[in-house]
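Each ligand, and each atom within it, is numbered from 1 in the order the structure gives.
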Amino acid sequence: MLASSLVFLALAFCLTVAQNLSIPSTWRDPTTSLSLSERVSIAQNCIDTLTGVLNTSTGSFSGLGYWQDANVISAMANLDYFTFSRTNQQAVTDSLNATFSLYTDYDQYGCYNDDAMWWATAAYYGYRAYGDINLLSHAIETWQHVSNYVITASDASSGKQPNKDFLIEGSCEGETMVGGVFWRPTSDDTSVNSITTGLYVALSAYLASATGNITYNNAAILSANFIKTTNMNSGGLVLDSIDAQDCTRSPSDWLFTYNSGKYIEGLSVLASVTGNSSWTSLLVDIVAVATKATAWEGSNGIITEGADITEDNDGVGFKAVLMRGLAEAWSRNIGNTTLRTLIQSYIDVQFNALLDLASTSDSGSMWYSPAWEGPGPTSFIAWGQLAAVDVLVSAVRINS
Ligand SMILES: *[C@@H]1O[C@H](CO)[C@@H](O)[C@H](O)[C@H]1NC(C)=O
Ligand SMILES: *[C@@H]1O[C@H](CO)[C@@H](O)[C@H](O)[C@H]1NC(C)=O
Ligand SMILES: *[C@@H]1O[C@H](CO)[C@@H](O)[C@H](O)[C@H]1NC(C)=O
Ligand SMILES: *[C@@H]1O[C@H](CO)[C@@H](O)[C@H](O)[C@H]1NC(C)=O
Ligand SMILES: *[C@@H]1O[C@H](CO)[C@@H](O)[C@H](O)[C@H]1NC(C)=O
Ligand SMILES: *[C@@H]1O[C@H](CO)[C@@H](O)[C@H](O)[C@H]1NC(C)=O
C-alpha cells in the first residue's frame with residue numbers, strides 16, 4: 001500500500017515536470033542566423049583541427065582518451081550523414097578498421113564494455129553514412145560480445161550471471177535488474193551502469209533498424225525498460241550506476257549529461273523501430289528535464305559540466321553525448337514542433353556560447369575551450385575540440 005502510493009507520487013511528479021516544453025526567457029541567445037553552408041564549414045573546420053592530430057593507423061587522436069576517440073569519429077561520420085557527403089569517409093573508415101583489427105571487439109584493454117560500445121556505435125554511424133557493410137559487421141560482432149554481459153530474465157531468477165563469479169540480485173528496491181548491462185566484462189566487477197546500458201539500447205535499436213532482426217528489438221526493449229524502472233530519479237533524469245551484487249547505488253548527485261543523453265538517443269530510435277509511442281512519451285519527458293537540469297547548467301542554459309581546461313578527463317566528453325542524443329530526437333520527432341523548438345533552442349544556446357564566448361581564432365582554425373561560458377583558449381586544447389564538435393555538427397542538423 002505504502003509502496004504503491006510512493007510509486008504513484010513519483011509518477012505524478014514526473015508528469016508535472018515533464019509537460020513543460022517551453023523555452024526559459026533567461027536562456028542566452030537560443031537562435032542562429034548562420035546559413036547551412038556557414039554552419040557546415042564551422043563544423044568541418046573543427047573536425048580538420050582534430051584530424052590534424054589523428055593517427056589513422058591506430059584510430060587515436062593525440063590528447064584524447066580511447067572512448068573519446070570514438071566520439072570524434074562518430075561526429076565525423078554524422079556530419080557526412082547529415083550533409084550527404086563523403087568528406088570524412090577515408091579517415092573514419094581507416095580509423096575504424098585499424099582499431100577493430102588492433103583490439104578484439106573494439107575493447108582496447110579487454111575490460112570495458114562501454115569502450116567497446118562507443119566504438120561499435122561509431123562503426124554503426126559509419127555504416128549509416130557510407131553504406132559500408134564491413135562497418136556494420138564490426139558493430140554486430142561487438143554487440144554480440146557485449147551481449148554476454150546483459151542480465152537476462154533467467155539470470156535474474158537464478159541469481160547467477162554466467163560471466164560473473166558472484167551471486168546477483170534479480171531486483172533492487174523491488175525493481176527488476178533484467179536488461180541491465182555490466183560496465184566491465186571482468187568476472188568480479190559488480191557494477192551495472194546506465195551509460196553501458198544506454199549504449200546497448202541505442203546500438204540494439206540501430207541494428208534492429210538496419211537488419212530487421214527481432215533479436216535486436218527485444219534486446220533494446222529489455223534494456224530500455226531497465227533504465228526506465230530501475231535507474232532514473234524521481235525528477236526524470238537517468239542515474240549513474242547500481243551494484244548487481246548488493247543493490248548499492250551511485251550517489252544521487254551523480255547526474256551526468258551523457259547518461260540522459262545516450263538514453264534519449266536510444267529511446268528515439270526504439271520508438272521508431274517499434275512504433276510504440278510509450279517510448280516517445282518517455283523521451284519527451286526526459287528531454288524536457290534534461291534541457292533544464294540545474295545539475296549541469298545555470299539560468300542562461302549554458303552547460304557547465306566538464307569544463308576542465310588544464311587536463312583531459314572523462315567528464316569533459318559527456319556533454320557532447322547529450323547534444324548528439326538530442327539531435328537524434330529532433331530528427332525522429334518531425335511531428336512535434338514544440339519538442340523540436342526546445343531542442344533547437346538548447347543546442348543553439350551551446351552553439352552561440354562556443355562561437356561568442358569560448359573560442360579563439362588562430363590562422364583560419366577555431367580553437368574551443370571545454371568551458372563553454374568562456375573565455376576562449378590561449379592554445380589548442382584537443383578535448384575542447386572534442387566537446388565542441390558534436391554541438392557544431394548538431395547545429396548543422398537541427399537548424400536546417
Ligand atoms: C514552464 O517553463 C517556463 C520557462 O522555464 C516557466 O516560465 C513556466 O513557469 C513553466 N510553467 C509551469 C507550469 O511550470
Ligand atoms: C601512428 O601509429 C603507428 C603505430 O603505433 C606508429 O608507428 C606511427 O609512427 C604513428 N604515426 C605518427 C605520425 O605518429
Ligand atoms: C576495411 O577493412 C575491410 C576488411 O578487412 C576491407 O574490406 C576494407 O576494404 C577496408 N576499408 C578501407 C577503407 O580500408
Ligand atoms: C539475428 O541477430 C542475432 C544476434 O546478432 C544473430 O545471432 C542471428 O543469427 C540473427 N538472425 C538472422 C536470421 O540473421
Ligand atoms: C509499448 O511499450 C510499453 C512499455 O514497455 C509496454 O508496456 C506496452 O505493452 C508496449 N505496447 C505494445 C503494443 O507493444
Ligand atoms: C509533443 O510532446 C508533448 C509533450 O509530451 C505532447 O504534449 C504533445 O502532444 C506532443 N505533440 C505531438 C504533435 O506529438
Close N or O approach (S22, ligand 1; < 3.5 Å): yes
Enumerated ligand 2 atoms positioned under 4.0 Å from heavy atoms of S57: 1 (C), 2 (O), 3 (C)
Parallel, tilted or perpendicular, as decided by the 30° and 60° cut-offs, for the rings of Y200 and W143: parallel
Pairwise distance CD(Q68) to CG(L64) - rounded to 0.5 angstrom: 5.5 Å
Contacting atoms of ligand 1, where contact means under 4.0 angstrom from a heavy atom of N20: 1 (C), 2 (O), 3 (C), 8 (C), 10 (C), 11 (N), 12 (C), 14 (O)
Taking every non-hydrogen atom, the tightest pair across N45 and S365: OD1-CA, 3.7 Å
Subset of ligand 2 atoms that lie under 4.0 Å from at least one heavy atom of T58: 2 (O), 4 (C), 5 (O)
CD1 (I309) with more than 12 external heavy atoms under 6.0 Å: no
Passing option when W119 is tested against Y124, W67, Y66 for ring pair (Phe, Tyr, Trp, His ring centres under 6.0 Å): Y66
Ring geometry between H138 and Y106 (parallel below 30°, tilted from 30 to 60°, perpendicular above 60°): perpendicular
ILVMFWY network linking Y103 to W183, side-chain heavy atoms under 4.5 angstrom: no
From N336 atom CG to T280 atom OG1, the distance as rounded to the nearest 0.5 Å: 9.5 Å
Starting from the N and O atoms of ligand 4, collect every protein N/O partner closer than 3.5 Å and put each pair on its own line with the distance to 0.1 Å.
unit_1: ligand 4; atom_1: 2 (O); unit_2: N213; atom_2: ND2; d: 2.4
unit_1: ligand 4; atom_1: 5 (O); unit_2: Q144; atom_2: NE2; d: 2.9
unit_1: ligand 4; atom_1: 5 (O); unit_2: Y216; atom_2: OH; d: 2.7
unit_1: ligand 4; atom_1: 11 (N); unit_2: N213; atom_2: ND2; d: 2.8

